[in-house]
Amino acid sequence: MEAPALPRPERLRLLVGLPADEQRAPRAAEPRPGSSTMTERQRSEETRAALPGSAAAVPPPAGKTSPASDAADATPAGEASPLELSGAALRRLVDAAMDRIAPHLDSLPQQPAADTAGGAALARSLVEPLPELPAPLDEVLELLFERAVPKSFNTAGPGYLAYIPGGGLPQSAVADLIADAVNRYVGVFAAAPALAQLEANVVAWFARLAGYPEAARGLLTSGGSLANFTALVTARRERLPEQFLAGTLYASDQAHHSVQKAALLAGFPPASVRSIPSDAAFRLRLDLLEEAIDDDRRQGRDPFLVVANAGSTNTGAVDPLGPLADLCARHRLWLHVDAAYGGFFLLTERGRRTLSGIERADSIVLDPHKSLFLPYGTGALLVRDGAALRRAHGVTADYMPPLSSDDELVDFCEISPELSRPFRGLRVWLPLKLLGAAPFRQALDEKLDLARWAADQLRAMPEVEILAEPELSLLAFRLAPGDPSAPAGASGAAGAAGNQDVDRLNRLNRDWLARVNARRRVYLTGTMLGDRFALRICVLSFRTHRDRMEQALEDLEAARVEVMRA
Ligand SMILES: Cc1ncc(COP(=O)(O)O)c(C=O)c1O
């Protein structure tokens, strides 16, 4: 079924550059340019005035003349550069962007769940050299909202059930606007003490949520990958000598590939990462882990780190965290928990039960841009012994301002890889302050219910096999006609189906997935579980509710009937 087209936003009247006389704030009685109280004559005068002024600030290349260069010559000396927007001009720019953003967000449920057809050709058509002249704002916004944004996965929409969704809280977009507009420096405590403290509060809230002690510290990163990398480097610095190449780390065969990447970036050869087989529920096998550790020690290697899943990307599996903490204590290994997807389910009672034991980890990654619904660009790392972060990252220089000697007041540059950095804390702090934790808890509880409901519906569908029951809000399943008793298990064979059936079933399931996605109400992705291709549903967007899940199940059933007939 074709999703209705995105309604076209109201035509804009504003152009990007503003003449110098527009750089000052309007008098109180003046109608705001572009406002509905302006007359048509005022509007067209505003538009005309904006054009030459916008071109004036950028000199044309040597030897070239243009109307724009005439305007540049005519610009009186001492006039403000268009780089220096007045408050009024900035407001108009933001208003113009909002005229596009608001209808875009309001129409998310009607937009296709994914539409990337022709996207590569569009991308190629956009290649261009550095522009010398300004472009009209209307044209730029038109390109973004009418052409570029629609050619994408609708990652913010309710039908996005692929990979790991999040949604993107608009409150965080407002926080980013504030943070970028005030452009304060939070890498060093002394430069913006109160703002650095707001970010430290966010980290402390997360640490309390994880059950960590007061001594825990942490940082916000660009995402889970960088948080996993920082954790791995911290563990390496804490547990291995300077010459660390005998160091060995362990993760299940279901670990996110950012763990392998982090190990490479941290200087370990690929063979230093031991992939431990998972069990039938895709959880790390403790017996095989212990065997591998013992084997490695016997061979003179230096086991130092175990990475556990608290919600794997493939199936949502949660490794046995308590028993893993026991094992790591016995073997004196650092336990890192990758809770990038699952972590914020700690806000719910069921989540806390599922993730119990996480508080015993040495470090934990949580991704606010997943289960706290933030826009992309925010991960978090928590370290139980906060001083370890400083030992791993504390490097300074003569030109630096004095850093805080008070353990309570955090210089983020001292405990993280970054010096200059965006004020990430605000995009987390603002929605939590404005809304409180309750709506987040409720939304996450709803996702837990929706995933269980979807699993029940799928279980009742003929020929469908649930490969991974939802431990949180993610499940994996497939069609297995003629193979009703195929046992679950990541590395198992195809069960009752013979080997030649494996390819047939995988093709059938890829076809099923393609037919569901072609309906464009939901977007799902698949994965390989051992040699079996599985479909996944990850319910995590705060915008996904029961109505969209019913559509998902309708489409799965209709597509199932089609593939079984084909
Ligand atoms: C379990 C897990 N860990 C780590 C990551 C990497 O996070 P990011 O994409 O924020 O770098 C992901 C991403 O989906 C994930 O699911």
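Quantities reported herein were computed from a predicted structural model and do not represent experimental measurements. Ligands are counted one by one from 1 in listed order, and the atoms in each one are counted from 1 as well.
Listed by chain and number, the residues in a ring pair (Phe, Tyr, Trp, His ring centres under 6.0 Å) with Y185 amount to none (sequence neighbours excluded).
In this structure, R239 forms no cation-pi arrangement with F304, as its terminal cationic atom is not both closer than 6.0 Å to the ring centre and no more than 45° off the ring axis.
Within the structure, every pair that satisfies the ring pair (Phe, Tyr, Trp, His ring centres under 6.0 Å) test and touches residues 515-534, not counting sequence neighbours, is listed here: F153-Y523. A salt bridge (Lys or Arg N to Asp or Glu O under 4.0 Å) check over residues 147-169, counting only residues at least two apart or in different chains, returns the pairs D115-K151.
Using a 4.5 Å heavy-atom cutoff, the side chains of F345 and S473 are in contact.
Residues of the protein with a heavy atom under 4.0 Å from ligand 1 are I164, G223, G224, S225, N228, H256, S258, G311, T313, D338, A340, D367, H369, K370, listed by chain and number.
Between R441 and D445 there is no salt bridge, since no side-chain N of the basic residue sits under 4.0 Å from a carboxylate O of the acidic one.
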